[in-house]
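First up is the structure itself, then whatever we jot down about it.
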Amino acid sequence: MKEIIKEFGRTAIVGVISFIADSAVLVLLKEIIFSGDGKVELFISTAAGFIVGLIVSYLLSISFVFKNSHDTAKKGVKSFAVFTIISISGLAVTEIFMHVGVNILKFHYAPIKLIAATFVLFWNYCGRKVFIFRR
């Protein structure tokens, strides 16, 4: 139990770092590159941020979060594919949050992104622990 708490703590740290990378790309694209309020621009910006966050998260997960990840990292493409599938479901949840929160409820995208990221943090940890980094 103690190890799970430590892993989740490390997952939270990685989540914050990945969230910063993800959000930086989202803001860069949404505010500077596209500088529009269209639904397509929000969708593309959110997805691009997700991809950057995914790569950061995977690299930090195999090097920092999970103790037995070195064996998993040797599997390379397979473990990254499963990691990506789990994360894509998190992206779907994020996109739904963003659409409902921004386009329907008319909130600013930043707090909606934070709420979605908090929810997705728990899903990602559980999915990765069960399907990739189990002992």
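The structure displayed is predicted, hence computed values, not measured ones.
Contacts classified as salt bridge (charged side-chain N to carboxylate O under 4.0 Å, His left out) and involving residues 96-120 (residues at least two apart or in different chains) are given here: D22-K113.
Between I62 and F83 there is no side-chain heavy-atom pair separated by less than 4.5 Å. Using a 4.5 Å cut-off on side-chain heavy atoms (C-beta onward), V130 and Y125 make no contact.
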(request) Any chance you could lay out the ring-ring contact (aromatic ring centres under 6.0 Å, His included) test for F122 and F8, step after step, and finish with the verdict? (result) CA-CA 9 Å; F122 289 100; F8 187 78; 5.2 Å; yes
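With salt bridges taken as basic N to acidic carboxylate O contacts below 4.0 Å, one links E3 and R10. Taking a cutoff of 4.0 Å between a charged side-chain nitrogen and a carboxylate oxygen, E41 and K30 do not qualify as a salt bridge.
When all heavy atoms of L26 and M98 are compared, the closest pair comes out as CD2-CE, 4.2 Å. The nearest pair of heavy atoms linking V120 to G90 is CG2-O, 3.6 Å. Closest heavy-atom contact between N124 and S87: OD1-CA, 4.1 Å. Shortest non-hydrogen contact noted between F97 and I112 is O-CG2, 3.2 Å. Contact detail for L121 and A12: the closest heavy-atom pair is CD1-CA, 4.1 Å.
Rounding to the nearest 0.5 Å gives a distance of 4.5 Å between CZ of F50 and CG of L91. Separating the CG atom in L28 from the CD1 atom in I33 is a distance of 5.0 Å, to the nearest 0.5 Å. Interatomic distance, S18 OG to L60 CG, rounded to the nearest 0.5 Å: 6.0 Å. Taking CD1 from I32 and OG from S45, the interatomic distance works out to 11.0 Å, rounded to the nearest 0.5 Å. Atom CG in L54 sits 4.5 Å away from atom CZ in F80 (nearest 0.5 Å). Atoms CG and CG, from N103 and L42 in turn, are 6.0 Å apart once rounded to the nearest 0.5 Å.
If you chain together ILVMFWY residues whose side-chain heavy atoms come under 4.5 Å of each other, L114 ends up grouped with F19. Under the 4.5 angstrom side-chain criterion for Ile, Leu, Val, Met, Phe, Trp and Tyr, I85 has no cluster partners at all.
When atom types are taken as modelled, the side chain of W123 and the backbone of S89 share no donor-acceptor pair closer than 3.5 angstrom. Using modelled atom types, no side-chain atom of S23 and backbone atom of I20 make a donor-acceptor pair closer than 3.5 Å.
Cluster annotation: V100 and V93 are assigned to the same hydrophobic cluster (Ile/Leu/Val/Met/Phe/Trp/Tyr, side-chain heavy-atom contacts under 4.5 Å, transitive).
Inspection of the S57 and R128 side chains reveals an N or O donor paired with an N or O acceptor under 3.5 Å.
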